[in-house]
Amino acid sequence: MTLLAVRGLEKSFGGVKAIGGVDLRFERGAVHSVIGPNGAGKTSLINMLSGIYRPDAGSIQLEGQELAGQPAHRFAAAGIGRTFQNLQVFFNMTALENVMTGRHLRERHSLAAALLRTRALQRAEAQSRQAAHDLLRLVGLCGQDDTRADAMSYGALKRLEIARALAAQPRLLLLDEPAAGLNATEAREIDALIQRLAEAGTTIVLVEHNMALVMEVSDHVVVLDHGRKLAEGTPHEVSSHPGVIEAYLGSAETPAEEAEAAHA
Amino acid sequence: QEAIRIGAFLSVTGPAAFLGDPELKTLEMYVERINAEGGVLGRKLQLFSYDDAGDAEKARTFAKRLIEQDKVDVIVGGSTTGATMAAVPLAEQSGTPFISLAGAVPIVEPTRKWVFKTPHTDRMACEKIFADTQARKLTKVALISGSGGFDKSMRAECVKVAPKYGVDLVADETYGATDTDMTAQLTKIKASGAQAVLNAGFGQGPAIVTRNYRQVGLTAPLYQSHGVASREFIKLAGPAAEGVRLPAAALLVSDILPAGDPQKPVVSNYRKHYEDKFKSDVSTFGGHAYDGLMLALGAMKAAGSTDKAKVRDALEATRGYVGTGGVVNMNANDHMGLDLTAFRMLEVKDGKWSLAK
Amino acid sequence: MLEVASLASRYGRIPALGGVSLRVNAGELVAIVGANGAGKTTLLRTISGVQPASGGQIRFEDADLLKLHARQRVQAGIIQVPEGRQVFAPMTVEDNLKLGTFARGSLDHMEPVLDLFPVLRDKFRELAGNLSGGQQQMLAIARALMARPRLLLLDEPGMGLAPRLVAEIFARIHALRKVGTTILLVDQNARAALGVADRGYVMETGRIVLEGSARDLLHDPQVQRAYLGSA
Amino acid sequence: MLAALVVLAPLALPNNYAYEVAIQIAINAVVCVGLNLLIGYAGQISLGHAGFFALGGYASAILATRYGVPVWLSLPGACIAVGALAHVLGRPTLRLKGHPLAMATLGLGVIISIALTTEDKWTGGPDGMPVPPLVLFGLAVQGEQAWYWIAGGLLVGTVWLALNLIDSPNGRALRALHGSEVAAQTLGIDCTRFKLQVFTLSAMLAALAGALTAHYAGFITPAKATFLHSVELVIMVVFGGMASVFGAVVGAAVMTLLPQLLTVLKDYEMMVFGAVLVATMVLFPQGLVPTVARWWNGRPQ
Amino acid sequence: MGGAWLQFVASGLTAGAIYALVALGFTIVFNASGAINFAQGEFVMVGGMSAATLVAAGVSLPLAILLALAAAIVVALVIERVAISPARHAGTVTLIIITIGVSLFLRGLAQLVWGKGVFRLPAFSGEEPIAFAGATLLPQSLWVLGGAALAVIALRFFYGRTLAGKAMLATSFNRLAALLVGINTRAVLFASFGLAAFLGAVAGVLIAPIAFTSYDAGIMLGLKGFAAAMLGGLGSFPGAVLGGLVLGLLEGLGAGFVSSAYKDAIAFVVILGVLFFLPGGFLGARSSDRV
Ligand SMILES: Nc1ncnc2c1ncn2[C@@H]1O[C@H](COP(=O)(O)OP(=O)(O)OP(=O)(O)O)[C@@H](O)[C@H]1O
Ligand SMILES: Nc1ncnc2c1ncn2[C@@H]1O[C@H](COP(=O)(O)OP(=O)(O)OP(=O)(O)O)[C@@H](O)[C@H]1O
Ligand SMILES: [Mg+2]
Ligand SMILES: [Mg+2]
């Protein structure tokens with residue numbers, strides 16, 4: 001079942017066509033990876049799928065509901081959550097508050113209730129607090145509840161963004177390089193987390209350069225190059241696609257091996 | 001023995017500073033002089049003064065402070081009409097004699113029990129000017145005014161009294177207190193066919209108006225208000241000031257007053273004291289403060305005490321006080337006590353003030 | 001060449017480095033690996049002088065680095081490629097590269113550096129902030145190279161780069177070492193980092209817990225488990 | 001704690017002048033608490049709040065004197081009218097950020113101030129207009145003590161509401177859009193709506209304070225609408241500490257008291273005030289309250 | 001009112017050139033620190049007042065101008081060391097409030113030193129108005145316009161073409177990165193204040209024959225200069241000049257054709273309108289807000 005269908009999506013900046021007519025389908029509960037060389041347009045795609053950029057042309061339909069052209073918060077309300085390649089953490093808050101903010105769509109925002117601090121609001125707040133606490137534990141930030149975000153290391157912030165996005169319980173989660181800045185062991189934890197989320201029914205769109213992670217978790221991989229779809233298929237199909245190797249993966253040898261060869 | 005407490009709140013800084021600054025200097029100087037001469041009623045004077053910076057709200061707070069905390073016997077102050085009006089209810093409520101140094105008519109009309117004022121009103125200035133234009137057979141007059149309280153109040157009074165003098169107002173322009181160029185307004189005035197132009201304003205604006213006036217080639221007589229009655233105006237406006245007329249008190253022309261003028265000794269003395277001490281030119285505004293202080297002290301002497309009610313009654317009974325602003329005769333319906341004769345029509349000649357013919 | 005002795009540093013009251021000692025010999029490529037928050041970035045920042053030290057010593061050749069400003073350290077040839085790229089976003093790629101020569105180096109390096117990263121040539125007049133993440137990363141490295149570093153501090157140079165480019169970057173780093181640049185490298189891709197390095201250090205919570213030749217570390221089971229993702 | 005302070009303070013107030021200052025502090029603090037929600041928490045700036053402050057006073061005064069509306073009605077009426085105006089003006093204005101926003105709000109303030117000065121038929125021009133006294137439940141509120149309790153009560157209420165707001169989903173939304181507007185949007189936060197909400201709220205608080213000042217003083221002049229007064233309000237907020245409700249109160253208190261204390265310096269007053277402001281901001285860059293709070297918390301460790 | 005519009009334009013240019021010069025000073029400090037220096041108007045005032053009092057004391061005009069420029073620069077550098085530099089790590093808002101404190105301090109100091117009088121400098125090349133097509137312009141206005149033109153060319157060259165200028169810009173964009181390429185960020189702030197004061201004092205000296213000067217002249221100049229800088233696009237030097245001239249023209253034409261009482265309001269309404277459509281002003285920096 002298709003959750004999100006994208007047709008004829010286009011976006012240019014000045015002379016650069018960041019995305020030039022892309023069609024995509026994201027199936028419910030599956031993990032979709034988007035890979036491609038630097039500057040291929042992956043982040044631009046994510047920005048359009050989350051409503052941050054308004055596409056020049058094309059449609060974005062979530063279960064038949066047209067979203068293109070709507071403000072970003074409507075995308076969120078429709079069930080699309082995301083993380084950022086360039087961190088967008090609320091540095092003026094603690095880790096817990098960051099995640100609690102993620103629950104915005106699950107909360108009520110009557111100004112009167114907020115000003116008067118009603119019983120119902122207090123109960124909801126306690127609930128949010130607990131949920132946020134659990135999410136922090138889930139992404140491996142146990143015990144950091146009250147750490148101010150501006151005192152956290154890069155890797156911790158990446159996880160914090162994931163927890164915050166999860167707090168909104170999105171149907172579609174867009175992850176822009178979640179494992180950047182994490183080492184292989186840490187990336188494995190993200191790997192496990194993604195798989196768990198997918199099993200629970202969340203559809204995932206993953207942009208990542210960590211090929212080990214992509215190969216491990218993806219059901220379906222899209223390769224972008226120069227704003228166009230270069231290839232599409234299972235991880236295996238894609239990784240053996242000559243065009244993909246040429247443009248993106250490079251020679252099969254890993255650099256480490258290459259270097260080790262040099263040592264020898 | 002306890003000192004007599006004189007309270008003052010003045011616009012020492014802010015847009016009306018050139019009112020408040022000489023006023024404060026005058027009060028400080030004369031309190032010192034009088035104390036040196038032994039004080040009044042055998043008691044020394046003590047001055048409590050605050051700077052309201054031209055803000056009426058601050059003026060009210062300071063008036064309250066003077067009345068409630070400093071427990072002054074009399075208040076001399078209120079450089080601007082706004083500041084004065086803010087303090088009026090407090091003086092009335094507490095029963096403190098209050099001599100304002102501001103110009104507008106509403107301060108003394110209707111008469112309030114405890115409130116007096118020393119300067120001429122802006123209405124008198126308008127009348128003096130229009131009397132002059134009438135004499136010169138100039139009927140089409142253009143108005144230009146600043147946007148401050150003094151300027152707008154005078155403008156409104158001029159509009160009111162114009163018909164009385166057969167004056168037809170053909171233009172009505174405005175400029176901001178800190179504007180740097182008024183040629184746009186003056187060009188419109190030039191096109192209006194005015195036979196004379198009246199500028200209600202004070203501070204640097206009138207000097208710029210005067211310079212721009214010549215720049216755009218206006219030749220009709222230019223009248224300024226009593227608000228620019230100081231030598232600084234001539235300095236700033238330069239040669240363009242030549243021929244400008246304005247109504248002002250005798251103070252500015254003390255040196256050329258005829259010997260028999262009753263004000264001559266008073267204004268000459270005040271001028272000498274002020275200029276010797278501060279090495280700067282007198283302005284009529286310091287004179288208002290002088291008059292205010294002297295009226296208050298005179299009333300205390302007449303009452304023989306500082307009892308507020310008695311001082312008030314004595315103030316109201318002031319007759320024939322010769323001050324820098326003119327000869328003051330107060331009564332229950334007139335808490336200012338000046339008439340048009342107090343104003344002289346001055347004209348700038350050869351870079352100096354002279355009496356207009 | 002670089003000698004760090006029981007270096008300590010803190011953020012406010014919170015210690016981030018608790019006595020780190022390490023050594024980088026001239027012409028050597030040394031890698032540091034460690035989990036998130038171990039203090040790798042803090043260590044590099046303290047060496048480059050943008051973060052004050054609260055104790056210990058750093059010697060660079062014969063100079064006491066802690067006595068020098070960040071600027072003087074740059075002049076001495078210590079150049080850092082910071083975490084998170086830190087390009088001058090509202091300026092063009094060209095200006096970013098030119099600014100790389102502010103304290104040392106010269107515009108003559110422009111061509112060779114652009115040859116290393118041809119994308120930057122295409123984007124020469126584009127604002128740095130509009131580049132994609134990986135392009136910015138390349139710009140950050142290129143900017144550092146413009147200064148002809150003697151000691152290059154690399155904080156996660158491979159982050160956000162396509163696998164092909166990662167391979168290339170590490171090859172370049174390796175090549176730089178060959179032309180005599182001394183390099184201190186931090187990268188989450190521990191396999192690649194140790195792959196090109198001569199020696200390595202492992203950091204945990206602000207301390208060095210393990211050191212050795214890169215080869216030994218790569219094969220150390222503990223390192224493999226914690227950082228290389230081998231089960 | 002603040003409530004206790006407000007209740008106990010009269011013991012230390014020797015005369016009506018002291019009450020007067022206390023009332024001014026309370027009223028300024030109400031404005032600052034509102035403004036701090038906008039500046040400190042939502043990260044937006046306004047250099048035009050003096051305009052709303054003065055409009056509140058004028059609106060209530062004009063409603064009462066021209067249209068014979070009883071003051072207990074004209075006062076809330078003025079607040080609502082100003083709130084509506086702020087809402088309308090805020091919509092395009094709050095699309096701006098940072099310096100352009102500062103400029104735009106400054107412009108709004110200046111325009112309001114010019115209109116109040118120029119439309120003398122309505123406002124009495126630069127010399128201002130008289131304002132009838134506040135009548136509540138058929139009783140005219142008169143005397144400093146009565147006003148003190150009204151202003152103090154209002155302050156306690158405002159602080160309570162503000163604290164509640166900050167610690168609610170709405171408050172978090174405000175802080176979030178401060179931290180990163182893009183991220184806030186992707187969490188479903190309608191940034192425009194929340195910015196507008198807090199802008200309107202703070203404008204209404206300013207209007208309320210302005211109206212109370214006017215009724216208390218018995219007159220109002222456009223001096224309260226000027227750019228300089230707007231700046232003064234922002235200084236109070238920053239001085240006390242942005243993103244701290246108590247900071248706003250402390251800032252208002254210090255910045256209201258200080259000029260009164262410095263009057264003894266006469267000609268040196270402005271210079272010393274400037275120097276004190278600079279020194280405080282250099283020593284307490286986060287503002288008085290947050291920096292002191294940090295020292296305080298730091299000590300036990 | 002056929003030919004009058006030309007005089008309205010002349011009036012607008014006279015005021016506008018003044019605003020433009022002040023706006024350039026704002027731009028310099030903004031480009032180094034990202035903060036608005038609300039003491040810029042006071043730098044202008046200090047320059048004008050120093051020159052005016054020196055001339056009044058009998059010093060020749062050129063020497064008085066040189067001394068005034070030096071005085072303003074010294075004042076600004078001392079202030080930078082004492083008030084700005086210690087707070088350079090604080091947020092922008094804090095920095096702005098500090099500059100407001102500095103402006104109060106300078107105003108208070110000027111009031112003590114020079115009193116509250118209004119001063120004037122003699123015009124550099126006579127007072128005889130230049131007439132063209134029925135409109136008139138004071139020769140001094142040409143000095144002001146010329147000064148603004150010269151300043152903008154010099155600044156454009158410095159910031160656009162020299163590495164030192166780019167380094168100053170870079171510091172405001174990213175302090176950390178600036179440190180890492182070896183820029184002395186403290187010196188940048190120091191130099192920018194000196195430069196801003198220099199330019200401010202030049203403005204003060206050029207405009208004092210037209211607009212006069214007094215201890216509180218900085219308030220209006222600061223407000224209008226800020227508005228001009230915003231209108232033209234904060235950070236852009238040609239923008240500052242353009243913004244100043246447009247602001248002046250709006251006032252001149254507004255006063256001429258609409259209402260002199262509302263001319264400032266008209267100008268601000270237009271500024272608001274421009275900002276709503278072009279938040280960066282006319283020539284604001286191309287912004288990059290990608291994530
Ligand atoms: N706001 C913008 N303004 C101008 N150009 C832009 C903007 N955003 C993206 N681009 C350009 O569009 C192209 C695609 O960028 P995008 O960030 O989508 O790449 P990406 O695939 O995410 O790359 P990476 O893997 O390096 O993050 C790049 O060439 C970039 O320079
Ligand atoms: N600005 C700061 N204020 C307070 N604490 C900080 C700050 N920056 C970092 N820290 C703390 O210092 C410790 C070391 O951080 P550092 O950034 O050096 O780690 P790292 O090894 O580079 O991690 P990563 O791999 O995630 O980049 C962490 O615990 C972090 O929370
Ligand atoms: Mg990307
Ligand atoms: Mg790091």
Side-chain angles (χ1 to χ4, degrees), chain D residues 39-40 43 45 47 89 92-93 95-115 117-120 180-183 186 227-228 231-232 234-235 237-239 242 265 267-287, chain E residues 30 34-36 38-39 79 82-87 89-112 215 219 223 226-227 229-231 234-235 259 261-273 275-276 278-281 284 289 291:
Chain D
I39 299 180
I45 184 86
L47 287 179
L89 294 176
T93 309
R95 285 211 317 250
L96 303 173
K97 300 183 182 76
H99 296 298
L101 177 63
M103 179 69 232
T105 49
L106 187 160
L108 289 181
V110 170
I111 293 168
I112 291 174
S113 156
I114 292 176
T117 314
T118 312
E119 293 304 315
D120 42 11
S180 162
E181 210 164 296
V182 180
T186 62
F227 157 64
L228 292 179
V231 170
E232 208 178 315
V234 175
I235 290 179
V237 169
V238 180
F239 188 92
M242 289 201 289
L265 297 173
D267 282 351
Y268 294 84
E269 180 185 336
M270 195 190 300
M271 219 171 97
V272 173
F273 184 81
V276 169
L277 184 58
V278 170
T280 312
M281 293 321 296
V282 169
L283 294 174
F284 306 83
Q286 312 299 322
Chain E
F30 176 80
I36 302 289
F38 273 104
I79 279 171
V82 175
I84 308 291
S85 186
H89 299 297
T92 313
V93 178
T94 303
L95 221 50
I96 290 175
I97 300 292
I98 289 178
T99 66
I100 293 178
V102 166
S103 77
L104 287 170
F105 178 83
L106 286 179
R107 216 178 297 153
L109 186 68
Q111 176 196 322
L112 273 184
Y215 79 100
I219 305 177
L223 180 62
F226 174 51
M230 291 302 312
L231 180 63
L234 203 51
S259 145
Y262 273 109
K263 73 178 171 43
D264 284 344
I266 294 166
F268 275 107
V269 168
V270 174
I271 292 178
L272 286 184
L275 288 181
F276 290 160
L278 293 172
D289 51 0
V291 286

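Each chain gets a letter, A, B and so on, in the order the sequences are listed, and its residues count up from 1. Because the structure is predicted, anything quoted here is derived from the model rather than measured.
Atom CD1 of D:Ile45 is separated from atom CD1 of E:Ile96 by 7.0 Å, given to the nearest 0.5 angstrom. A distance of 8.0 Å separates CE of D:Met103 from CG of E:Leu231, quoted to the nearest 0.5 Å. The CE atom of D:Met271 lies 12.0 Å from the CG atom of E:Leu104; values are rounded to the nearest 0.5 Å. The OH atom of D:Tyr268 sits 5.5 Å away from the CG atom of E:Leu112 when rounded to the nearest 0.5 Å. Rounded to the nearest 0.5 angstrom, E:Ile98 CD1 and D:Met281 CE are separated by 6.0 Å. For the atom pair NZ (E:Lys263) and CD1 (D:Ile114), the distance works out to 8.0 Å, reported to the nearest 0.5 Å.
You'll find the ring centres of D:His99 and E:Phe226 outside the 6.0 Å limit.
Contact of D:Val276 with chain E is not made at all, since no heavy-atom distance falls under 4.5 Å. Both the backbone and the side chain of D:Thr93 have a heavy atom closer than 4.5 Å to some heavy atom of chain E. Both the backbone and the side chain of E:Leu275 come within contact range of chain D, with heavy atoms under 4.5 Å apart. Using a 4.5 Å cut-off between heavy atoms, E:Ile84 makes no contact with chain D at all. Contact of D:Leu283 with chain E is not made at all, since no heavy-atom distance falls under 4.5 Å. For a residue to count as touching a neighbouring chain, one of its non-hydrogen atoms must lie under 4.5 Å from one of that chain's; by this rule E:Ile219 touches chain D with the side chain only. Only the side chain of E:Ile271 comes within contact range of chain D, with heavy atoms under 4.5 Å apart. Within the 4.5 angstrom heavy-atom criterion, no atom of D:Ala183 approaches chain E. With a 4.5 angstrom heavy-atom cutoff, E:Leu109 touches chain D via backbone and side-chain atoms both. In this structure, chain E has no heavy atom under 4.5 Å from any part of D:Ile39.
In terms of heavy-atom pairs under 4.5 Å with chain D, the best-connected choice from E:Ala265, E:Ala90, E:Ser103, E:Ala87 is E:Ala265. Across E:Ile100, E:Ile36, E:Val102, the residue that shares the most heavy-atom pairs under 4.5 angstrom with chain D is E:Ile36. Comparing E:Gly101, E:Ala110, E:Pro86, E:Ala227 by heavy-atom pairs within less than 4.5 Å of chain D, the highest count is held by E:Gly101. Of the listed residues D:Ala102, D:Pro92, D:Gly107, the one with more heavy-atom pairs under 4.5 angstrom with chain E than any other is D:Pro92.
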message = Quick one, E:Leu272 with D:Ile111, criterion side chain to side chain contact (heavy atoms under 4.5 Å, CB included). Give me CA distance, side-chain angles, the key distance, then yes/no.
response = CA-CA 10 Å; E:Leu272 286 184; D:Ile111 293 168; 3.9 Å; yes

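No side-chain heavy atom of D:Lys97 sits under 4.5 Å from any side-chain heavy atom of E:Pro279. You'll find the side chain of E:Thr99 stays beyond 4.5 Å of the side chain of D:Val278, heavy atoms only. Within the 4.5 Å cutoff, side-chain heavy atoms of D:Leu96 are placed close to those of E:Phe276. Looking at heavy atoms from C-beta onward, D:Val282 lies out of side-chain contact with E:Val82 at the 4.5 angstrom threshold. E:Phe105 is not listed as a side-chain neighbour of D:Leu277, based on a closest heavy-atom distance of 4.5 Å or more. The shortest side-chain heavy-atom distance between E:Ile97 and D:Phe239 does not fall under the 4.5 Å cut-off.
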